Participant: 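Below are the structure tokens for one structure; questions will follow.
On a predicted model such as this, the values are computed, not experimentally measured, just so you know. Each chain gets a letter, A, B and so on, in the order its sequence line appears, and its residues count up from 1.
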Amino acid sequence: MKNQKVAWIFNRIADYLEMDGIDFRTKAYRNAAHTIETLSLDIEDVRSEGRLQELPGIGSKIAQKIEEIIDTGSLEYYENLKKETPVDFEALLAVEGLGPKTIKLLYKELGVKNLDDLERETKRHHIRRLRGMGDKTEKKILENLEFARKNTGRRLLGYVLPQSREIQEEINKLDIVERVEIAGSIRRRKETVGDIDILVITQNPDEVTDFFTSMKFTEEVIAKGSSKSTVRLKNGLDADLRVFPEDEFGSAFVYFTGSKEMNIELRKIAIKKGLKLNEYGVLRDDEQLAGKTEEDVFNILGLSYIEPELRENRGEVDAAALGKLPDLVGYHDLKGDLQMHTKWSDGSSTIKIMAESAKNLGYQYLAITDHTGTLRIAGGMGDEQIKMQMKEIDQVNQELEDITILKGLEVNIDSDGLLDIKNELLADMDVVLASIHSGFRQDREKMTDRIISAMENENVDIIAHPTGRKIQERRAYDLDFNRIYEAAQETNTILEVNAHPNRLDLSDINIRRALEAGCKLVINTDAHKREELSFAELGIATSRRGWAEKKDIINTLPLKKLLKNFNLN
DNA sequence: GCCGTTTTCGGCCCGACTGTTTTCAGTCG
């Protein structure tokens, strides 16, 4: 699976080209990178089928470069660009205000290659001597440099979402604010978030902007204009505020939600129709034809409404034009949660508390799925403990009404693909999840074999966190997804969408691939205390980003149907 | 470098803000 690597190289090439002021070739490489990054197929498979040039934005030249990367692991063209300008691009670009042009200037004139060089030259006041630079630029670089060192960019959606809602509530308290919405990648529910985008309807832009730039969450003001301002928050994130009147709200909301790539597609459609789309509306010769609501904007472009989670330019615009968008699983569609832990292993709440919490969320059922034997670190249960826990579940089931606790386990798949609990005991369970917790670095075939042999055990119902990734922490292990999806269907095994904020595993792209291959999914929180049951929202969001419908997710079924259809006796 | 029910050549999304500029380039989203 070299998709990410190929996309990464193309983005770096685009950086180098942008340095030299080459506009459209830069765009071609960025387009190609986006196509490959979000591709629901393995680029190596596409290549071996000889279909690279059928992908959008990929022509003969870029196809050749993809082949070179797949065959040799590197790309000569890129290596040459690196030699020509050997700078640490990613580090320098992370400094707010520095872009490719400035980085080039700093390298040519002062030999700046990395953050240390940049700091030295700034402190010596060499930067202000350069054309277009002044003392304010130097000061800004120095401030932002510290920030770039401390913050490696994006944060997890699960942590930013509550914070953004808190800010939203605070702004909403102002009398002059008619409406305040969170837009940007948070609204699209992207798994990581770079900043917080806030959109406000008001007749008094100045007052709202003043509040925003001085509210209790704000650390410092980065930019402040009449319609747009940016602040750095105390939590280290940047937040943008944009202020609009009511009749421009819809077009502003579309524009400010993004993604940038989808916006570009929408604008192209507008141009074809002789119109212009910007944040102020859909215009014909400066006359606003639409703009009050998002629906109006999509409709006048001949599109049905596109849910924010789909707005990534991954085919949703074409689907909207054809009226073939998926009917996404809803945020209130789950009837239960099939993975959570209690004090019996590494969780911190009791079975009863978890059950009551699930009931409060409106669920009909939950499965208690504590760790088993070999996972000592997670307080894994042995046979005797499992039997004792089953008795406790029977007891709590009798005490509580309108909620059913299913008996479950999360068993460990060892390095040979074997499970750590005897089959006779597994057969007594309602729900058995199997997952990998060690030996991540085996090769692709071996990892795939391990998971498939677990699927082949008739007692295993679900493969939990199937790729083992932890966002910004640990890569997914290398799997042959075609084999996994095929085996999942043959063995009637459900793949999990683990809703834990740093897992979201399967990811949005893998969810879409799994669904295209015909698999069924379950959205589980993997909660280790009762508060974490609310992570379900993140799992649903990720599933929506993977184009999942209600029928694709087994825990949208009521209890009886769930048990009947999926043999969870 | 890619792409085409107006084009195989000539286009390629759009606007706000900042700093250093006398009219604009660079960055950001």
Participant: From CG of Leu275(A) over to C1' of dC14(B), roughly how many Å is that when rounded to an integer?
Facilitator: 15 Å
Participant: Determine the contact category for Leu277(A): base if any of its heavy atoms lies under 4.0 Å from a base atom, sugar-phosphate if only primed atoms, P, OP1 or OP2 are that close, otherwise nothing.
Facilitator: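 Sugar-phosphate: the residue Leu277(A), judged by heavy atoms under 4.0 Å, touches backbone atoms but no base.
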Participant: Under a 4.0 Å threshold between the charged nitrogen and the carboxylate oxygen, would Arg232(A) count as salt-bridged to Asp238(A)?
Facilitator: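 A salt bridge is present here (some side-chain N lies under 4.0 Å from a carboxylate O).
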Participant: Before accepting this row, confirm whether a basic side-chain N of the pair Arg242(A)/Glu279(A) lies closer than 4.0 Å to the acidic partner's carboxylate O.
Facilitator: yes
Participant: Which whole-number value in Å describes the distance from Leu301(A) CG to dC13(B) P?
Facilitator: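 In whole Å, dC13(B) P lies 15 Å from Leu301(A) CG.
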Participant: What residues, two or more places apart in sequence or in another chain, satisfy ring-ring contact (aromatic ring centres under 6.0 Å, His included) together with Tyr29(A)?
Facilitator: Phe10(A)
Participant: Write down the distance between CD1 (Ile264(A)) and P (dG15(B)), rounded to a whole number of angstrom.
Facilitator: 13 Å
Participant: Among dG19(B), dG1(B), dC14(B), which nucleotide has an atom closest to any side-chain atom of Ile271(A)?
Facilitator: dC14(B)
Participant: I'd like to know if Arg188(A) pairs up with Glu309(A) as an ion pair, taking the criterion as any Lys NZ or Arg NE/NH1/NH2 lying under 4.0 Å from an Asp or Glu carboxylate oxygen.
Facilitator: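 Salt bridge absent between Arg188(A) and Glu309(A).
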Participant: May I ask you to decide whether Lys470(A) forms a salt bridge with Asp505(A), counting only side-chain N to carboxylate O separations under 4.0 Å?
Facilitator: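 A salt bridge is absent here (no side-chain N lies under 4.0 Å from a carboxylate O).
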Participant: Both distances below 3.5 Å, Watson-Crick or wobble geometry, any strand: find the nucleotide opposite dC17(B).
Facilitator: dG26(B)
Participant: In whole Å, measure the gap between the C1' atoms of dC2(B) and dT7(B) for me.
Facilitator: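 It comes out at 14 Å once rounded to the nearest Å.
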Participant: Any luck finding a side-chain donor-acceptor pair between Glu537(A) and Tyr331(A) under 3.5 Å?
Facilitator: no
Participant: So, OP1 or OP2 of dC13(B): does either fall under 4.0 Å of a side-chain N or O from Asn263(A)?
Facilitator: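 Indeed not, no polar side-chain atom of Asn263(A) lies that close.
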Participant: Between atom CZ in Arg129(A) and atom C1' in dT20(B), what is the gap in whole Å?
Facilitator: 18 Å
Participant: Does Ser229(A) reach a base, just sugar-phosphate, or nothing at all? Heavy atoms under 4.0 Å.
Facilitator: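 The residue Ser229(A) makes no contact with any strand.
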Participant: In residues 218-226 of chain A, which residues come under 4.0 Å of DNA chain B by heavy atom?
Facilitator: Ala223(A), Lys224(A), Gly225(A), Ser226(A)
Participant: Determine the Euclidean distance between corresponding P atoms of dG10(B) and dC24(B); express it in Å to zero decimal places.
Facilitator: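 dC24(B) and dG10(B) have their P atoms separated by 27 Å.
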Participant: Nearest heavy atom decides the nucleotide; on that basis, is Thr137(A) or Lys65(A) closer to the 5' end of DNA chain B?
Facilitator: Lys65(A)
Participant: Measure OH/Tyr16(A) against P/dG1(B) and give the value in whole Å, please.
Facilitator: 17 Å
Participant: Rounding to the closest angstrom, what is the interatomic distance between dG15(B) and dT20(B) at atom P?
Facilitator: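 It works out to 26 Å between them.
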Participant: Regarding Arg131(A), tell me which of base, sugar-phosphate or nothing describes its non-hydrogen contacts under 4.0 Å with the strands shown.
Facilitator: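 No contact.
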Participant: Looking at residues at least two apart in the chain, or sitting in another chain, which of them share a ring-ring contact (aromatic ring centres under 6.0 Å, His included) with Tyr107(A)?
Facilitator: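 Testing Tyr107(A) for ring-ring contact (aromatic ring centres under 6.0 Å, His included), a comparison that skips the adjacent residues, returns none.
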Participant: Whole angstroms only, please: what is the CZ-P distance between Arg242(A) and dC14(B)?
Facilitator: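 Taking atom P of dC14(B) as the reference, CZ of Arg242(A) is at 16 Å.
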Participant: To the nearest Å, give me how far apart CG (Leu17(A)) and C1' (dG1(B)) are.
Facilitator: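 Spelled out: CG on Leu17(A) to C1' on dG1(B) is 10 Å.
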Participant: Looking at Arg12(A) and Asp88(A), is any side-chain nitrogen of the basic one under 4.0 Å from a carboxylate oxygen of the acidic one?
Facilitator: no
Participant: Hey, can you tell me if Trp8(A) and Tyr78(A) have their rings parallel, tilted or perpendicular (30° and 60° cut-offs)?
Facilitator: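 Judged by the thresholds at 30° and 60°, the geometry between Trp8(A) and Tyr78(A) is perpendicular.
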Participant: Side-chain contact, heavy-atom cut-off 4.5 Å: Gln203(A) with Glu246(A)?
Facilitator: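 A side-chain contact is absent here, since even the closest heavy-atom pair is not under 4.5 Å.
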Participant: Take atom C1' in dC9(B) and the same atom in dC14(B), then report the distance between them in whole Å.
Facilitator: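 Between the two C1' atoms, the distance is 25 Å.
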Participant: For the C1' atoms, the ones on dT6(B) and on dG1(B), what distance do you get once it is rounded to whole angstrom?
Facilitator: 23 Å
Participant: Taking the cut-offs as 6.0 angstrom to the six-membered ring centre and 45 degrees off its axis, would you call Arg311(A) and Tyr305(A) a cation-pi pair?
Facilitator: yes
Participant: Would you say Arg30(A) and His34(A) make side-chain contact, with heavy atoms under 4.5 Å?
Facilitator: no
Participant: Provide the distance between the two C1' atoms, one in dT27(B) and one in dT21(B), to the nearest whole Å.
Facilitator: 16 Å
Participant: Rounding to an integer number of angstrom, what distance separates dA16(B) and dT22(B) when you compare their P atoms?
Facilitator: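 Looking at atom P only, dA16(B) and dT22(B) are 23 Å apart.
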Participant: Got a sec, which residues hit ring-ring contact (aromatic ring centres under 6.0 Å, His included) with Phe249(A), two or more places apart in sequence or on another chain?
Facilitator: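 Partners of Phe249(A) by the ring-ring contact (aromatic ring centres under 6.0 Å, His included) criterion, ordered by chain and then number, come out as Phe253(A).
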Participant: Between P on dT20(B) and CG on Leu105(A), what's the gap in Å once rounded to a whole number?
Facilitator: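 About 13 Å, once rounded to whole Å.
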Participant: So which one's nearest nucleotide on DNA chain B is more toward 5', Lys27(A) or Asp135(A)?
Facilitator: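 It is Lys27(A), whose closest nucleotide lies nearer the 5' terminus.
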Participant: Sugar-phosphate atoms are those with a prime plus P, OP1 and OP2; base atoms are the rest. Using that split, label each nucleotide of nucleotides 23-29 of chain B B, S or - for protein heavy atoms under 4.0 Å, 5' to 3'.
Facilitator: ---SSSB
Participant: Reading nucleotides 2-11 of chain B from the 5' end, what letters show protein touch, with B for base, S for backbone sugar-phosphate only, - for no heavy atom under 4.0 Å?
Facilitator: SS--------
